[in-house]
Amino acid sequence: MPELPEVEVVRAGLEPAVTGARVLHVEVLDERALTRHDGPAEDFAHRLTGRTIAAAVRRGKFMWFPLLDDAQPGPAADAQPRAAADAHPEALVAHLGMSGQILLGRDRPAARHRRIVLDVQPPGTDRDGAAEAPVQLEFVDQRTFGSMAIDRMLPTLDGAPAGLAGAVDTLDPDAAWRRRIPFQVSHIARDPLDPAFDDDRFLAAARKRSSGIKRVLLDQGVVSGIGNIYADESLWAAKLHHDRPADRLPRATLRGLLDEVRAVLRRALEDGGTSFDAQYVNVNGQSGYFSQRLAVYGQQGQPCPRCGTPIVREPWMNRSSHRCPVCQPRPRARLR
DNA sequence: AGTTCCGCCTGCATGC
DNA sequence: TGCATGCAGGCGGAAC
């Protein structure tokens, strides 16, 4: 479930189930789901089993689950002082790649491409005071471009919260994990919905790039969370051709584009993300509805919602770009 | 350092 | 019908 809105739908769906939950059991069915983990499956399982998840956090298309230090596995764990463990903070990191899903539940029929299964114990009790039933998290991924990993956490460079943590933000804004980011996410820029996103910094970075503006939108080191769908949708909304050189776009144009990016991402989020098939679903296996509002992505041959001209789909960087040939004319040769 | 290309995978639609 | 080809919402690393 690739781009920001789809990943946020998953993060928000996981949040109530995993916050404060303890990992009871880890099962790795396919080691290819651990390509970002520095070690074998046994190491992944060992470092995760028994740990308590503090929250569900997201930056761009990356999610992570900070692990508390209270329950390190192993015989010496009980004697380990909290401060010592806290010197090596860790998180479970998840990236969905092109086709990853995280499904929540119990008694769910086994999905075809199950890669990792986590059993977690939520912290609460039911009305009778009994412990809540354990919950199963299934990491399902057809193409195995997604992955999970245990990674160390570093302080954020700007000192701001590392990403969006949902309701926990208001409950525990000063927790140490808020201002730490997994090492493998540290090179990813903040996303445009992050309150700490620096618009001027984005404008400055974009204006240093000679490549086309779509390439810049897709560069997760400049701005994160945008993929092929929302890049095309945002460029249509801003009436920009994808090959317009970023360094020749006026600042006001870039500001306008950033506004459109935010509007598109927010609208997609309201609709539960974009789903074309059963591949892109929330933690309960349900589809989002934003595909019904797409102006250009996958709409080749359909009329442009603004001017009625048929939308075209063109090869671009070994992928495709969709645009309105009238609203988004190709830049003149000397501007390319 | 910025930019571009390629490989990593499986499944599906298309065309011959 | 079978088979080859191309394409799919992403990322990181190599090569220029």
Side-chain angles (χ1 to χ4, degrees), chain A residues 1-10 29-38 58-63 93-102 111-115 139-149 151 182-189 191 204-235 242-243 245-247 261 264-265 268-269 271-282 287-291 293-300 313-322 336:
Chain A
M1 259 182 84
E3 307 182 41
L4 184 152
E6 293 77 34
V7 179
E8 174 56 22
V9 165
V10 172
L29 296 122
D30 192 329
E31 291 230 23
R32 292 176 300 175
L34 296 178
T35 47
R36 292 159 194 268
H37 179 76
D38 185 19
R58 181 193 53 75
R59 173 187 289 202
K61 306 172 196 173
F62 277 87
M63 274 180 289
V93 181
H95 196 288
L96 301 176
M98 289 279 268
S99 57
Q101 313 171 335
I102 298 179
R112 184 159 175 201
H113 300 290
R114 289 174 136 208
R115 308 295 182 197
F139 180 64
V140 176
D141 188 10
Q142 178 193 104
R143 294 173 67 186
T144 70
F145 289 172
S147 67
M148 285 187 160
D151 199 5
F183 174 73
Q184 60 187 267
V185 189
S186 57
H187 69 290
I188 300 294
D191 62 65
R207 295 188 51 138
K208 282 186 202 157
R209 301 301 191 97
S210 59
S211 44
I213 183 61
K214 178 168 172 177
R215 228 185 272 273
V216 175
L217 287 181
L218 294 179
D219 186 335
Q220 307 295 303
V222 176
V223 53
S224 69
I226 305 166
N228 210 27
I229 294 180
Y230 299 112
D232 283 0
E233 292 298 309
S234 303
L235 289 169
H242 51 260
D243 283 335
D247 58 3
V261 167
V264 166
L265 294 178
L269 210 40
D271 283 4
T274 303
S275 305
F276 298 126
D277 52 48
Q279 197 87 233
Y280 304 96
V281 293
N282 67 15
S287 292
Y289 294 96
F290 192 69
S291 59
R293 294 216 256 165
L294 292 171
V296 288
Y297 188 90
Q299 306 303 306
Q300 54 273 20
R313 171 180 154 180
E314 306 165 317
W316 180 84
M317 294 282 298
N318 285 325
R319 329 172 63 172
S320 294
S321 267
H322 309 73
R336 288 197 286 139

Considering only atom [atom1], compute the distance from [N] to [M] and round it to an integer number of Å.
| N | M | atom1 | answer |
| --- | --- | --- | --- |
| dG7(B) | dT5(C) | P | 16 Å |
| dC3(C) | dC9(B) | P | 24 Å |
| dT3(B) | dG9(C) | P | 22 Å |
| dC7(C) | dC5(B) | P | 15 Å |

[X] side-chain N/O to [N] phosphate OP1/OP2 under 4.0 Å:
| X | N | value |
| --- | --- | --- |
| His187(A) | dG12(C) | yes |
| His95(A) | dG10(C) | no |
| His113(A) | dG11(B) | yes |
| Arg112(A) | dT10(B) | no |
| Arg32(A) | dT10(B) | yes |

From [options], nucleotide with atom closest to [X] side chain:
| X | options | answer |
| --- | --- | --- |
| Glu3(A) | dG9(C), dC11(C), dG12(C) | dG9(C) |
| Asn318(A) | dG12(C), dC6(B), dG10(C) | dC6(B) |
| Tyr297(A) | dT10(B), dA8(C), dG10(C) | dA8(C) |
| Asn228(A) | dC11(C), dG9(C), dG11(B) | dG9(C) |
| Met317(A) | dA8(C), dC11(C), dC5(B) | dC5(B) |

Salt bridge or not for Asp151(A) and Arg36(A), using N-O below 4.0 Å? no
Between Lys214(A) and Asp232(A), does at least one N-O distance fall below 4.0 Å, as a salt bridge requires? yes
Write down the protein N/O and nucleotide N/O pairs, taken from nucleotides 4-6 of chain C, whose separation is under 3.5 Å; answer none if there are no such pairs.
none

Which comes earlier along DNA chain C counting from the 5' end, the contact point of Ile188(A) or that of Ile229(A), where each point is its nearest nucleotide? Ile229(A)
If only side-chain N and O atoms count, and only distance matters, is there a donor-acceptor pair under 3.5 Å linking Glu6(A) with Tyr230(A)? yes
Got a list of protein N/O to nucleotides 1-3 of chain B N/O distances below 3.5 Å?
| residue | atom | partner | partner atom | Å |
| --- | --- | --- | --- | --- |
| dT3(B) | OP1 | Ser210(A) | N | 2.7 |
| dT3(B) | OP1 | Ser210(A) | OG | 3.0 |
| dT3(B) | OP2 | Arg209(A) | NE | 3.3 |
| dT3(B) | OP2 | Arg209(A) | NH1 | 2.8 |

If pairs are Watson-Crick or G-U with both distances under 3.5 Å, what is the dot-bracket string of DNA chain B, marking crossing pairs with [ ] and pairs to another strand with |? .|||||||.|||||||
Looking at residues 140-149 of chain A, who's got a heavy atom less than 4.0 Å off DNA chain C? Arg143(A), Phe145(A)
Minimal heavy-atom distance between Thr274(A) and Phe290(A), with the atoms involved, is OG1-CD2, 3.4 Å
Who pairs with Phe139(A) by ring-ring contact (aromatic ring centres under 6.0 Å, His included), at least two apart in sequence or on another chain? none
Sugar-phosphate only, base, or nothing, as touched by Phe276(A) at under 4.0 Å among non-hydrogen atoms: base
Base, sugar-phosphate alone, or nothing: which one does Arg313(A) contact when heavy atoms must sit under 4.0 Å apart? sugar-phosphate
Pairing residues for Asn318(A) by the side chain to side chain contact (heavy atoms under 4.5 Å, CB included) criterion, not counting sequence neighbours: none
Tell me whether the count of non-hydrogen atoms from other residues, nucleotides or ligands lying under 6.0 Å of CZ in Phe276(A) goes above 12. yes
